[in-house]
Every structure is written in structure tokens, then in C-alpha cells.
Amino acid sequence: MLGLITAGASTIRDDRQDADYLDLALRPEYASVGTFVNSWGFSGSGILIAPDWVLTGAHMFAAATSGHFTINGTSYGTSQLIGHPSWNPENEFSGYDFGLAQLSAPVFGVNPATLYGGFSERGHIGTFVGFGLTGTGLTGYQILDNQKRAFQNVIDGDFGTPEVLWGSDFDNPASAADNDFGDPVPLNLEGMVAPGDSGGGVFITFGSSTYLAGVISFVAARDGRANADYGDVAGFGRVSAVLPWINLSIPEPATGALVSAGFAGLLAGRRRFIKQSQSRAEGRNGWSTVSCL
Ligand SMILES: [Ca+2]
Ligand SMILES: [Ca+2]
């Protein structure tokens, strides 16, 4: 029923300069995103969340016994890989595409991302950061250049499981017919996830603070080709939904403050899920192709 593609780097608007997306990715608040290549050879992205821990996608660990995380030109091996126990590779829409990789040595000189513990993502602008294939909304992904790109998209969709998984659509500046979620007008630096972006980060900013709110999981399409062109949609797991699991897995006191923030958010967010669940059936149908990146 559903085709699925896991994600790489990103596609961009055809009427914008690639340099603007490359520059956005260079901002210091996104410095925690690097590349993650598993021992089987599958290449994606990952986010440093503690000096020796990387958060990525569970599907990045498929067929792998170890991996390499590369950031700022330095590569680090792994000492263990922990996939989220609720991840189901047969159903990307069920969420939980999260994996933790412990590095064999700590990373110095890069600030780990701050994890988002709240439940106010919907309607906010997400900044998606990863490495992978690129192209435009007209062509879809077609170029592998291993560049770090960032694009922005409004977090305004879901796939029937908003408690664990959010979505954003690639709006077409020339046609509202490609609109899937929310408003049909694209952001200035709108874009879409592509193979290689898997395990990359979705960041949201409140005031002067930027948080890691999501991990990029897949691209889905209604037109039968999940090639990250206009009208395709991105799925990304909610970091706040798995904070307790992260904090149980990473025994470092640095994340302790985030635990309480996460629990507070969980309680506050429960009521909101009831309203959102009404749109589940509608959001679930119609995706002809889904691809883990
Ligand atoms: Ca959009
Ligand atoms: Ca839209």
C-alpha cells in the first residue's frame, strides 16, 4: 500500500539560491549535526546530544553492528548502538524511528544539541538539517554532493500518530495544488528531506534558544514517487516523546534537567492529542509511496 524511502540531504525551492540553504546549515545552533555511516555502508545523518552520544534514526542501524559519526572533519567510531524498542520497520507511520549511538571517544569543541521537552511543535517553523542528496522541488533529488544543508518548513501535518510523529509538506511557490498540510504558501527557504537526511535534526527556536525537536525519518508522496519534489511530505519523530527513553539510555547528569521538562510537557500535551486524533484517518490515507531516507 505504502512505498517508503529513508532520507538523505534535502531538496530546495527552484526559485532560490542553493547558497542560502548551505549558509543556513552553517549557523552555530545547527553545529551538532554530522554524518552517520553504518558498518553496512548505509549513509545518513546524526545529532550530537552529549559529548559521546549521537541521536539518529533506528533504521540507520539496520544490518549494522557499528558506525562512524563524522563532525567538523573528525570521525568517531561507536561502542554501542541502541535502537528504540518500539520502532517497527514495517510501518514508518507508527513512529519511534530513533537510535542512539555511543561514541568510542567524546567530541570536543561542539556543543551538543539541547533536547526539546515540550509539546508545542505544531504551527512552529522547523529547521531541518542533514547531509544527502539535493535537487529542486521541480526535479526532486538527483545530486549527491555530501553537503550539509538546512531548510525550513512549518510543522503542520501528521500521519495519524501525532503523539510520536510530525510532518511537513513541500509547498510549491507556483501551485497551491501541491499543498498537503496547512497553508499552501512556502517559506522563503522551504525544502524537503531526501536520502542522506535520515537521522538529521529538526530544530525549533523559542526566543534566543534553539532546541532539537525532531529526528528526520522518511519522505512520502501521493504521486507514487517519493523523490522530494513539490507536494511530497517529510516525517520526523518527536524528540519529546522519547525523552524518558533517551535519559534512561544515557546515564549522564547533563541531561537530567531535561527529564523533568519532558515529563511536564507530557502531562500538558495529553489533552491536545485528543483533538488531533480526529484527523488521523484523513492523514493516513493517500500516501502511495513512503521511503525511509
Ligand atoms: Ca510546507
Ligand atoms: Ca502546506
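Note that ligands are numbered from 1 as they come in the structure, with each ligand's atoms numbered from 1 the same way.
Listed by first then second residue, pairs satisfying side-chain hydrogen bond (donor to acceptor under 3.5 Å, both in side chains) with a partner in residues 20-31 read Y30-T127, not counting sequence neighbours.
Partners of D18 by salt bridge (charged side-chain N to carboxylate O under 4.0 Å, His left out), not counting sequence neighbours, listed by chain and number: R149.
A ring-centre distance under 6.0 Å is found for F218 and F159.
Panel detail: the Ca ion (ligand 1) has protein N, O or S atoms under 3.0 Å away, 5 in number.
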Check: residues 172-182 side-chain donor-acceptor pairs under 3.5 Å, at least two apart:
from: N172; atom 1: OD1; to: A174; atom 2: N; distance (Å): 2.8
from: N172; atom 1: ND2; to: D178; atom 2: OD2; distance (Å): 2.9
from: S175; atom 1: OG; to: A177; atom 2: N; distance (Å): 3.1
from: N179; atom 1: ND2; to: G182; atom 2: O; distance (Å): 3.0
from: D180; atom 1: OD1; to: R222; atom 2: NE; distance (Å): 2.7

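Remark: of the listed residues F236, F203, F206, F206 is the sole one forming a ring-ring contact (aromatic ring centres under 6.0 Å, His included) with Y116. The side chain to side chain contact (heavy atoms under 4.5 Å, CB included) with T134 is formed by just one residue from the set L22, N146, D145; it is D145.
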